[in-house]
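Have a look at the structure below, then the notes.
These numbers come from the heavy atoms of this one structure, side chains and all, not from hydrogens, waters or symmetry mates. Labels below follow one simple rule: chain letters A, B, ... track the order of the sequence lines, proteins then strands, and each chain is numbered from 1. Model, not experiment: these values are computed from the prediction.
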There are 2 protein chains.
Amino acid sequence: MASRREVAELAGVSEATVSRVLNGVGPIREETRRRVLEASERLGYVPSALARSFARSKSGNLGVVLPYVPKAHLFSAYFFSEMLSGIGSKARDNGLDLLVMFQTPGEVMNYTDLFRRQKIDACIILGARYDHDELAAIQQLDREGHPFCVMNQHFTGESFFEVDADHVEGSRLAIRHLTDQGYRNITFLNGPYSYSNSQERMEGVRLGLQQAGMELDPSLLLEGNYSRRSGIEAAAIIAERLHEIDAVFAANDRMAIGVMHGLRERGVRIEDFPAFVGYDDSDAAEMAVPALSSVRVPFFEMGEIAVSKLMHPAEALQSPRTLLPTELIVRASSSSRFRA
Amino acid sequence: MASRREVAELAGVSEATVSRVLNGVGPIREETRRRVLEASERLGYVPSALARSFARSKSGNLGVVLPYVPKAHLFSAYFFSEMLSGIGSKARDNGLDLLVMFQTPGEVMNYTDLFRRQKIDACIILGARYDHDELAAIQQLDREGHPFCVMNQHFTGESFFEVDADHVEGSRLAIRHLTDQGYRNITFLNGPYSYSNSQERMEGVRLGLQQAGMELDPSLLLEGNYSRRSGIEAAAIIAERLHEIDAVFAANDRMAIGVMHGLRERGVRIEDFPAFVGYDDSDAAEMAVPALSSVRVPFFEMGEIAVSKLMHPAEALQSPRTLLPTELIVRASSSSRFRA
DNA sequence: TTGTAAGCGTTATCAA
DNA sequence: TTGATAACGCTTACAA
């Protein structure tokens with residue numbers, strides 16, 4: 001572990017020049033540059049990121065806030081690992097390291113302190129809840145001018161940097177796919193209405209039905225909590241009305257699969273299943289039996305874009321909220337071929 | 001953003017005393033402590049983690065190295081998110097932040113530079129491959145005395161800190177479960193033999209069969225790469241010998257489910273399925289149809305223990321390699337009740 | 001083009 | 001029990 005001083009000595013220059021060469025700043029004679037690089041190479045000198053951060057008052061870290069996932073499994077790990085990978089890939093391109101933090105169940109994360117303590121230069125919030133305290137915490141972040149971006153959650157009336165997918169369109173596509181095939185009694189198993197996400201799905205469902213000349217039957221609207229278990233519970237209700245219900249659209253794959261399981265537990269055979277469309281197109285979708293049609297959400301790209309916004313805030317300000325397109329992936333669960 | 005200096009002034013003490021109070025070091029008069037805390041509170045003073053790290057030459061970060069997962073899906077996201085959660089939970093208890101890094105496909109990560117640059121104080125390697133370059137990189141880490149821990153991979157002949165699950169026992173349990181139910185022709189779909197993990201499973205299978213008075217039939221030994229696709233491919237072979245093969249033990253759930261899918265694609269009905277046991281007990285296991293029996297691996301706990309070892313190296317040195325117990329979870333795929 | 005030196009916000013040592 | 005002060009290793013004016 002050679003010091004910068006040694007490098008300077010060996011190269012016969014000042015320490016400042018070593019820094020200049022290594023940072024590629026300022027005008028430097030080619031000969032000097034070569035000598036420094038050589039010396040630094042020979043001594044195996046590696047500058048301390050710590051000292052550099054300190055001197056620049058920039059940590060070089062991008063904070064990523066994850067919700068409290070373990071054990072609960074409410075949300076799919078797929079969802080987060082894709083986004084995290086997208087964020088990681090773009091962060092690396094920008095020379096940023098990822099500092100990941102988990103939310104603690106009861107308490108609200110003190111986002112601003114992370115900045116004040118200078119642990120992070122910017123942050124991406126993945127598991128934002130939509131409640132008073134959380135909003136207040138994020139608003140403070142905004143007020144203090146810290147760069148941040150919220151994923152998968154829209155805060156109405158604010159103009160935070162947000163990256164989300166077009167769930168209105170995704171849901172509309174799902175519904176139209178079903179109505180186009182002649183399904184008329186479509187149950188919609190939504191997630192908690194407190195998520196902007198769920199609200200958008202609701203909107204898309206309404207739109208899709210309307211375009212098909214139909215209306216939402218409130219009795220066909222169910223609410224789960226995005227867990228498989230809640231899908232199983234919904235199956236109890238669906239099973240009872242199976243003579244009329246001919247299709248199920250669930251707000252995520254886990255619930256859709258939960259419903260399938262619930263029906264099966266109640267002795268409903270696959271041949272008698274209603275059509276199914278899920279949401280997220282997680283890897284569980286293709287593992288399901290029958291393979292589950294699902295609305296694909298570009299999680300990886302969403303992660304990349306969030307980082308881009310933070311790196312180019314000027315441009316991002318033009319449209320703080322980015323909505324990525326969703327796409328319907330049709331599989332056996334809703335294809336007429338299978339169902340015929 | 002008040003400075004320490006202001007706090008010192010307001011409290012009528014020196015800056016050094018402010019630090020002492022906030023760090024809880026040294027003897028301090030209660031009255032002074034109170035005044036400092038009060039002043040610091042009133043001014044909203046938050047010490048800079050950056051400056052602190054710099055002064056202490058400790059980043060306060062625990063590095064976590066993840067393999068390159070996105071898109072590939074070779075490994076289950078479940079696996080990593082559980083471990084990461086375990087690591088995160090224990091890291092938080094120890095006041096450490098998590099710096100996560102992804103491996104890049106082609107290149108070997110330069111672990112030592114992370115330490116030399118002082119980005120991290122210790123590190124946990126999750127996706128260690130077993131090849132020459134990787135081993136060399138890790139050996140260097142060891143040589144330079146940096147604290148690190150390898151998860152889920154054993155390097156024979158080295159005495160690195162390692163945390164793994166007892167895959168010999170897990171596999172033995174799986175096999176005994178099958179033999180106990182009278183299955184005689186058990187196909188074992190293993191992962192690449194280059195992983196220590198796969199080798200241990202092989203050993204467990206051998207042991208289990210031996211205890212049942214049987215021997216491994218080499219023709220019943222298949223090798224996949226832990227992906228669902230490789231399970232589907234294996235199904236081609238299994239389907240052909242379905243008249244003799246009565247059970248399948250796969251080295252992970254994804255492959256087990258892949259085999260199920262492959263068989264189904266080939267028109268094999270669930271009633272005619274062989275018994276199945278998978279491995280990892282990922283959430284996919286209970287979503288499978290039929291629900292997949294699987295060997296549970298305590299990923300979360302493994303993450304916690306890895307951090308503990310790094311925090312208490314003296315004790316960890318007693319037994320650098322920790323093997324956590326595995327457990328068989330029996331579900332419909334292998335239970336005689338279902339199969340009868 | 002290069003050197004000198006101030007400064008970054010702590011911690012930690014030494015005196016008092 | 002507290003204060004003064006020297007590190008810590010880098011960046012970055014400013015001078016030369």
Whole Å only: how far is the [atom1] atom of [X] from the [atom2] atom of [N]?
| X | N | atom1 | atom2 | answer |
| --- | --- | --- | --- | --- |
| B/R20 | C/dA15 | CZ | P | 15 Å |
| B/N23 | C/dT11 | CG | P | 4 Å |
| A/K58 | D/dT12 | NZ | P | 12 Å |
| B/L22 | C/dA12 | CG | P | 14 Å |
| B/L50 | C/dT10 | CG | P | 10 Å |
| B/L43 | C/dG9 | CG | C1' | 16 Å |
| A/Q118 | C/dT10 | CD | P | 8 Å |
| B/E9 | D/dG3 | CD | P | 13 Å |

Query raised in the report: 5'-most contact on DNA chain D: B/V13 or A/E15, nearest heavy atom basis?
Result: B/V13

Query - First encountered from the 5' end of DNA chain D, between B/A51 and B/I28 - result: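 Its nearest nucleotide lies further toward 5', so the answer is B/I28.
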
Report task. Give, for atom CD of B/E15 and atom OG of B/S3, the distance between the pair rounded to the nearest 0.5 Å. Result ->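 Atom-to-atom, B/E15:CD and B/S3:OG are 7.0 Å apart.
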
Query raised in the report: Distance from B/N61 atom CG to B/I120 atom CD1, nearest 0.5 Å?
Result: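 Reported value, rounded in 0.5 Å steps: 8.5 Å.
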
Requested in this report: Pick base, sugar-phosphate or nothing for A/R5, based on heavy-atom distances below 4.0 Å to the nucleic acid.
Outcome: nothing

Query raised in the report: Which part of the nucleic acid, if any, lies within contact of B/T17, taking any heavy atom under 4.0 Å across all strands shown: a base, the sugar-phosphate backbone alone, or nothing?
Result: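 Sugar-phosphate contact only.
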
Query raised in the report: Where the side chain of B/A55 is concerned, which of D/dT1, C/dG9, D/dA4 is the nearest nucleotide?
Result: C/dG9

For a quick test of reading the model: is some side-chain N or O of [X] closer than 4.0 Å to OP1 or OP2 of [N]?
| X | N | answer |
| --- | --- | --- |
| B/R4 | C/dT10 | yes |
| B/R29 | D/dT2 | yes |
| A/Y45 | D/dG9 | no |
| B/S19 | C/dT11 | yes |
| A/R52 | D/dG9 | no |

Query raised in the report: Aromatic ring centroids of B/F79 and B/F299 under 6.0 Å?
Result: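 Ring centres of B/F299 and B/F79 closer than 6.0 Å.
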
Query raised in the report: So, B/F148 versus B/Y111, ring centres under 6.0 angstrom or not?
Result: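 When the ring centroids of B/F148 and B/Y111 are compared, they turn out to be at least 6.0 Å apart.
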
Query - Expected output: side-chain A/E144 to main-chain A/L141 donor-acceptor under 3.5 Å - result: no

Requested in this report: Please tell me which of B/F54 and B/V25 maps to the more 5' nucleotide of DNA chain C, matching each residue to the nucleotide holding its nearest heavy atom.
Outcome: B/F54

